[in-house]
Number of protein chains: 2
Amino acid sequence: MGINERKEREKAEREQRIIGAARMLAEKDGWTAVTVRRLAQEIEYSQPVLYAHFENRDAIVGAVALEGFGELGPVLRASVRRGASPAEAMEDVAMAYLEFAFKRPALYEAMFVLPSGLRFAKSDTPQSLRDTFRAMMAVVEPFCANAEVATEAFWATLHGLAELERHGRIRAALRKERVTHIVDMLARRS
Amino acid sequence: MGINERKEREKAEREQRIIGAARMLAEKDGWTAVTVRRLAQEIEYSQPVLYAHFENRDAIVGAVALEGFGELGPVLRASVRRGASPAEAMEDVAMAYLEFAFKRPALYEAMFVLPSGLRFAKSDTPQSLRDTFRAMMAVVEPFCANAEVATEAFWATLHGLAELERHGRIRAALRKERVTHIVDMLARRS
DNA sequence: TTAATAAGTCTAGCAGCGCTAGATTGTCAC
DNA sequence: GTGACAATCTAGCGCTGCTAGACTTATTAA
């Protein structure tokens with residue numbers, strides 16, 4: 001009975017269209033512009049249909065966030081130049097992380113700032129987020145005994161840099177200098 | 001003519017009551033619970049009165065944020081133990097910053113996360129925020145050549161730790177360990 | 001003292017939001 | 001064809017930020 005399969009396929013496609021529309025609208029006009037009404041209009045269905053796919057608006061944000069996690073890990077891994085020293089690798093990852101945050105601010109916001117209904121540091125943490133964490137850990141490990149704690153701290157630093165710069169609290173022009181400073185601090189042998 | 005002065009005094013008092021109500025409501029039920037209607041009810045005036053004090057809701061958030069900046073600087077300065085070494089001083093400030101963020105999450109959110117209409121790193125940066133920045137710079141300076149960049153990075157790290165922990169992205173139980181790790185990194189002589 | 005003006009405040013309402021109950025339409029097995 | 005079920009829509013609730021225009025009170029001028 002291929003009919004049900006077709007229906008499921010169509011449903012999955014529609015769900016993807018919702019997520020795509022949310023992401024597009026968010027990047028274009030910010031997350032406040034992403035309303036259920038507008039998404040419904042975008043996919044050419046009535047409003048209640050969206051609630052057959054997602055429990056509420058937050059769940060839509062969460063779905064976009066999940067997409068983001070799927071992209072960030074590979075971006076970080078690919079950012080390390082061939083033959084880079086451990087310190088250079090760390091700098092590459094740091095800069096790639098920040099570039100990701102600023103090239104896709106709405107995506108980044110969904111992943112790390114907005115309520116998205118996603119759970120972390122628990123057993124149900126998405127695999128893609130684990131991968132992202134591991135990508136960061138890989139460049140921290142060579143310099144730190146307790147790699148998990150050090151990675152959490154490294155990640156926090158990057159997130160803080162992204163957020164403070166995004167809100168205009170620190171000067172965007174000095175991004176590279178700050179990263180260099182941080183890598184200098186972390187990567188020098190004690 | 002003391003009448004106008006009395007009126008100005010009353011207006012200032014009412015403004016303070018609005019800010020106080022906003023802060024109280026935010027700490028109790030989160031910022032989404034802080035609606036103009038509820039604030040109006042709280043100060044026992046009708047809704048439009050609030051718009052004689054603040055341009056819009058964001059401006060109210062901004063006023064609360066400004067209060068927060070007035071408190072954070074002194075908190076950081078007071079946190080350094082007597083006779084603390086430079087490294088210990090840095091750790092004191094870091095822990096005090098995080099405790100501030102977690103004891104007054106709504107206040108912290110107003111200061112650093114929510115749109116508040118405040119401008120930073122510009123000529124019109126509030127004096128209290130400058131003071132806060134200087135309090136952080138004071139403990140970073142002993143270890144870094146370029147104190148401004150280093151302080152921005154230090155601040156970003158603290159902010160990132162606060163935010164990731166607040167959102168459950170990193171384990172709250174390891175807060176102290178992360179801070180110790182960071183101070184170890186920054187405070188060792190190169 | 002009274003009339004005109006100004007300041008202060010309120011009522012009522014707009015357009016938009018997230019979300020949902022209940023009606024309606026379309027699709028299928030029999 | 002018909003009844004059952006799923007898919008979808010219309011219409012609406014209670015909330016939001018914000019504001020126009022009415023009204024009431026205070027201040028000034030004649």
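Here is the naming used below: chain letters follow the sequence lines, and residue numbers restart at 1 for every chain. Keep in mind the model is a prediction, meaning the values are calculated, not measured.
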- request: Could you run through nucleotides 19-25 of chain C and give me one letter per nucleotide, 5' to 3': B if any protein heavy atom sits under 4.0 Å from the base, S if only the sugar-phosphate is that close, - if neither?
  value: BBB----

Could you state the atom-to-atom distance from [atom1] of [X] to [atom2] of [N] in whole Å?
X: L50(B); N: dG8(C); atom1: CG; atom2: C1'; value: 14 Å
X: Y45(B); N: dA7(C); atom1: OH; atom2: P; value: 18 Å
X: I60(A); N: dG18(C); atom1: CD1; atom2: P; value: 9 Å
X: F54(A); N: dG18(C); atom1: CZ; atom2: C1'; value: 16 Å
X: Q41(B); N: dT11(C); atom1: CD; atom2: C1'; value: 16 Å
X: I43(B); N: dG8(C); atom1: CD1; atom2: P; value: 15 Å

Heavy-atom pair of closest approach, residues [X] and [Y]:
X: R77(B); Y: D131(B); result: NH2-O, 3.4 Å
X: A94(A); Y: L158(A); result: CB-CD2, 3.6 Å
X: A187(B); Y: F143(B); result: O-CE2, 3.2 Å
X: V183(A); Y: A87(A); result: CG1-O, 3.5 Å
X: L25(B); Y: A33(B); result: CD1-O, 4.4 Å
X: A63(A); Y: I19(A); result: CB-CD1, 3.7 Å

message: Other residues, nucleotides and ligands only: do more than 12 of their heavy atoms fall within 6.0 Å of CD on E10(B)?
response: yes

message: With a 6.0 Å cut-off (strictly less than), is the heavy-atom count around CD of Q127(B), excluding the residue itself, greater than 12?
response: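 More than 12 heavy atoms, drawn from other residues, nucleotides or ligands, come within 6.0 Å of this atom.
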
field: Result of checking K176(A), R175(A), R81(A) against E91(A) for salt bridge (Lys or Arg N to Asp or Glu O under 4.0 Å)
entry: K176(A)

query: Is it the case that one hydrophobic cluster holds both L129(B) and L174(A), taking links as side-chain heavy atoms less than 4.5 Å apart, direct or via other members?
result: no

message: Contact list please: residues 14-21 of chain B against DNA chain D, heavy atoms, distance less than 4.0 Å, in numerical order.
response: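 None - not one residue of the stretch has a heavy atom sitting under 4.0 Å from the strand.
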
- request: For dT16(D), take OP1 and OP2 only and decide whether either is under 4.0 Å from a side-chain N or O of R38(B).
  value: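 Answer is yes, contact under 4.0 Å.
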
- line: Rounding to the nearest 10°, end axes of the helix from dT1(C)-dA30(D) to dC30(C)-dG1(D) built from five pairs each make an angle of 20°

field: Selection: residues 22-35 of chain B, any non-hydrogen atom under 4.0 Å of DNA chain C
entry: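 Here the set is empty: none.
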
message: Please enumerate all residues that pass side-chain hydrogen bond (donor to acceptor under 3.5 Å, both in side chains) together with E67(B), with sequence neighbours excluded.
response: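 If we apply the side-chain hydrogen bond (donor to acceptor under 3.5 Å, both in side chains) test to E67(B), skipping adjacent residues, the hits are Q16(B), R23(B).
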
query: Just by modelled atom types, is the V149(A) backbone N or O under 3.5 Å from a matching donor or acceptor in the R171(B) side chain?
result: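 Checked: no pair found.
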
When the side chains of residues 102-112 of chain A are checked against the rest of the protein, which donor-acceptor pairs come out under 3.5 Å, sequence neighbours left out?
from, atom 1, to, atom 2, distance (Å)
Y108(A), OH, Y97(A), OH, 2.7
Y108(A), OH, H159(A), ND1, 2.6

